[in-house]
Trainee: 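Here it is, the structure in full.
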Amino acid sequence: MPLGSGHDARDTRIPGHYIVVLEDFVAHPGAVAEAQTEHQGGELSFVYRHALKGYSAELDRSAVEALKENPKVKYVTPDHIDEAFSQNIPTGISRAFATANKSADIDEKDDVRVNADVAVIDTGIDYEHPDLNVVERTNCVPPKTFKEPDVEKCVDGTGKDNHYHGTHVAGTIGAIDNGEGVVGTAPGVRLWAVKVLTPESFGGASGSESWIIAGVDWVTAHSEQIEVANMSLGCACQEPALDEAIETSIEAGVVYVV
């Protein structure tokens with residue numbers, strides 16, 4: 001196991017299970033694996049042909065010692081138990097001193113969730129992600145092109161994150177303090193997914209200013225519930241209409257962050 005994984009040092013070897021790595025000149029690792037395990041009285045498991053040439057098998061100690069001397073064998077190593085890492089604290093969370101915030105209570109126990117509502121104006125959020133507390137979602141990306149005139153609106157209860165930038169941002173904001181994955185700045189905070197970007201229209205995670213304004217407009221309409229809105233997006237251009245929309249939303253009581 002890697003150092004710093006949070007696990008106590010212990011023997012992770014699986015008794016009687018080994019991985020046999022063959023020399024690069026072996027042309028048919030499957031045939032060699034079958035022949036060697038049969039000759040040594042072992043039980044073949046996986047055969048590896050692409051990432052490396054070799055196989056895994058159940059073998060006794062005498063078989064292992066014999067295989068180590070075989071000219072077709074590069075080396076034999078014990079099979080080990082690997083585990084998922086426990087929750088880790090991203091650098092940004094540490095630098096923001098979130099772990100020192102007593103109200104966040106970051107201790108790898110999902111016993112306290114930050115009592116606030118944060119809108120993520122982005123590509124949407126994976127609302128089924130177990131580490132995120134998504135309570136509402138809307139989709140402000142129109143299903144038609146600009147050449148098909150019609151009145152567009154944000155559609156509540158829809159909006160799948162098909163790029164995952166928004167999901168990443170949501171994790172930085174509020175990943176639950178549950179001992180798994182990462183932890184957010186405000187663990188367990190109520191997340192509102194506002195989809196205004198998509199890789200399907202302009203390439204990458206992008207969207208039009210008009211879509212983004214629609215998202216800001218939607219957030220402003222819910223300003224009595226939403227305290228904070230995150231916009232990890234931008235344009236190297238002047239967008240006076242978007243600026244005005246954000247200013248009005250701020251006046252309505254929503255704090256905007258990037």
Side-chain angles (χ1 to χ4, degrees), residues 1-95 98-99 106-110 123-132 160-172 175-184 187 199 203-205:
M1 296 299 295
L3 293 175
S5 65
H7 294 279
D8 294 332
R10 62 187 179 89
D11 190 352
T12 60
R13 293 175 295 182
I14 304 174
H17 290 249
Y18 296 87
I19 298 170
V20 181
V21 178
L22 301 173
E23 294 287 357
D24 294 338
F25 64 76
V26 174
H28 303 288
V32 173
E34 290 181 6
Q36 288 185 349
T37 51
E38 182 177 354
H39 180 71
Q40 298 296 338
E43 185 173 335
L44 181 64
S45 297
F46 290 98
V47 175
Y48 311 117
R49 298 180 175 85
H50 306 288
L52 55 77
K53 293 182 178 181
Y55 60 93
S56 62
E58 289 188 46
L59 302 163
D60 60 28
R61 287 299 307 173
S62 61
V64 170
E65 295 305 317
L67 286 168
K68 287 180 179 180
E69 302 299 321
N70 191 298
K72 294 183 179 180
V73 174
K74 185 181 294 184
Y75 60 87
V76 182
T77 182
D79 200 353
H80 289 265
I81 300 171
D82 284 44
E83 301 175 80
F85 293 157
S86 61
Q87 177 176 284
N88 65 76
I89 300 172
T91 301
I93 306 304
S94 298
R95 293 182 67 180
T99 54
I106 296 177
D107 58 1
E108 298 195 11
K109 298 177 183 177
D110 184 16
T123 60
I125 301 175
D126 180 357
Y127 56 90
E128 295 180 325
H129 198 294
D131 218 15
L132 300 173
K160 182 179 180 181
D161 188 356
N162 54 352
H163 183 275
Y164 287 93
H165 181 268
T167 299
H168 173 86
V169 170
T172 301
I176 297 170
D177 183 26
N178 56 4
E180 300 179 4
V182 299
V183 65

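We're numbering straight along the sequence, starting at 1.
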Trainee: If the condition is side chain to side chain donor-acceptor pair (under 3.5 Å), which residues does D177 pass it with, not counting sequence neighbours?
Mentor: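 Applying side chain to side chain donor-acceptor pair (under 3.5 Å) to D177 gives Q87.
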
Trainee: Restricting to non-hydrogen atoms, name the atom on P71 and the atom on E23 that form the minimum distance, rounded to 0.1 Å.
Mentor: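 P71 and E23 have their closest heavy atoms at O-CG, 3.5 Å.
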
Trainee: Give the minimum heavy-atom separation between P90 and V183, together with the two atoms involved.
Mentor: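 Reported closest heavy-atom pair: CD-O, 3.7 Å.
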
Trainee: I'd like to know if the side chain of T123 reaches the main chain of G166, judged simply by a donor and an acceptor atom lying under 3.5 Å from each other, with no hydrogens or angles considered.
Mentor: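 The answer is yes, because a donor-acceptor pair under 3.5 Å joins these two groups.
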
Trainee: According to the side-chain hydrogen bond (donor to acceptor under 3.5 Å, both in side chains) rule, which pairs have a member within residues 65-77, sequence neighbours left out?
Mentor: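 For residues 65-77: D24-K74, R61-E65.
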
Trainee: Of all heavy-atom pairs between T37 and A57, which one has the smallest distance, and what is that distance?
Mentor: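 For T37 versus A57, the nearest heavy atoms are CG2-CB, 3.8 Å.
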
Trainee: Can you name the nearest heavy-atom pair linking G54 to P29, along with the distance?
Mentor: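 Taking G54 first and P29 second, the nearest heavy atoms are N-CB, 4.2 Å.
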
Trainee: Could you go through V182 and I93, starting from their C-alpha distance and side-chain angles, then the distance that decides it, and tell me whether this counts as side-chain contact (heavy atoms from CB on, under 4.5 Å)?
Mentor: CA-CA 10 Å; V182 299; I93 306 304; over 6 Å; no

Trainee: Examine distances only and state if a side-chain atom of H129 and a backbone atom of D131 form a donor-acceptor pair shorter than 3.5 Å.
Mentor: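 Side chain of H129 to backbone of D131: a pair is present.
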
Trainee: Between L132 and A175, what is the shortest heavy-atom contact and its length?
Mentor: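 Where L132 meets A175 most closely, the heavy atoms are CD2-CA, 4.1 Å.
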
Trainee: Once salt bridge (Lys or Arg N to Asp or Glu O under 4.0 Å) is applied, what residue pairs with a partner in residues 33-48 remain, sequence neighbours excluded?
Mentor: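 Residue pairs with at least one partner in residues 33-48: there are none.
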
Trainee: Once side-chain contact (heavy atoms from CB on, under 4.5 Å) is applied, do any residues pair with Y48, and if so which ones, sequence neighbours excluded?
Mentor: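 Testing Y48 for side-chain contact (heavy atoms from CB on, under 4.5 Å), a comparison that skips the adjacent residues, returns I19, F46, L52, S56.
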
Trainee: Under the side-chain contact (heavy atoms from CB on, under 4.5 Å) rule, collect the residues that match up with D110, sequence neighbours excluded.
Mentor: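 Checked D110 against side-chain contact (heavy atoms from CB on, under 4.5 Å); matches are R113, I176, N178.
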
Trainee: When you look at NE2 of H80, are more than 12 heavy atoms from neighbouring residues, nucleotides or ligands closer to it than 6.0 Å?
Mentor: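 Check passes, neighbour count above 12.
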
Trainee: Would you please name every residue forming a side-chain contact (heavy atoms from CB on, under 4.5 Å) with H168, sequence neighbours left out?
Mentor: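 Here the qualifying residues are T172.
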
Trainee: Please round to the nearest 0.5 Å and tell me the distance separating atom CD of E128 and atom CG of D161.
Mentor: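 One finds 12.0 Å between CD of E128 and CG of D161.
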
Trainee: Set out, in order, the CA-CA distance, both residues' side-chain angles and the distance that settles side-chain contact (heavy atoms from CB on, under 4.5 Å) for V21 and V73, then state yes or no.
Mentor: CA-CA 6 Å; V21 178; V73 174; over 6 Å; no

Trainee: State the CG-CD distance between N88 and E180, to the nearest 0.5 angstrom.
Mentor: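 One finds 12.0 Å between CG of N88 and CD of E180.
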
Trainee: Got a sec, which residues hit side-chain contact (heavy atoms from CB on, under 4.5 Å) with I14, two or more places apart in sequence or on another chain?
Mentor: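 Testing I14 for side-chain contact (heavy atoms from CB on, under 4.5 Å), a comparison that skips the adjacent residues, returns H17, D79, I81.
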
Trainee: Is it true that D107 and K109 make a salt bridge, defined as a side-chain N closer than 4.0 Å to a carboxylate O?
Mentor: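 Looking at D107 and K109, the cut-off is not met.
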
Trainee: Tell me which pairs pass salt bridge (Lys or Arg N to Asp or Glu O under 4.0 Å) where either residue lies in residues 48-60, with sequence neighbours left out.
Mentor: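 Qualifying pairs, neighbours excluded: none.
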
Trainee: Rounded to the nearest 0.5 Å, what's the gap from CD on Q40 to CG on L67? Could you check?
Mentor: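 These two atoms lie 4.5 Å from each other.
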
Trainee: Minimum heavy-atom separation for T99 to I89, with atom names?
Mentor: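 Heavy atoms of T99 and I89 come nearest at CG2-CD1, 3.6 Å.
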
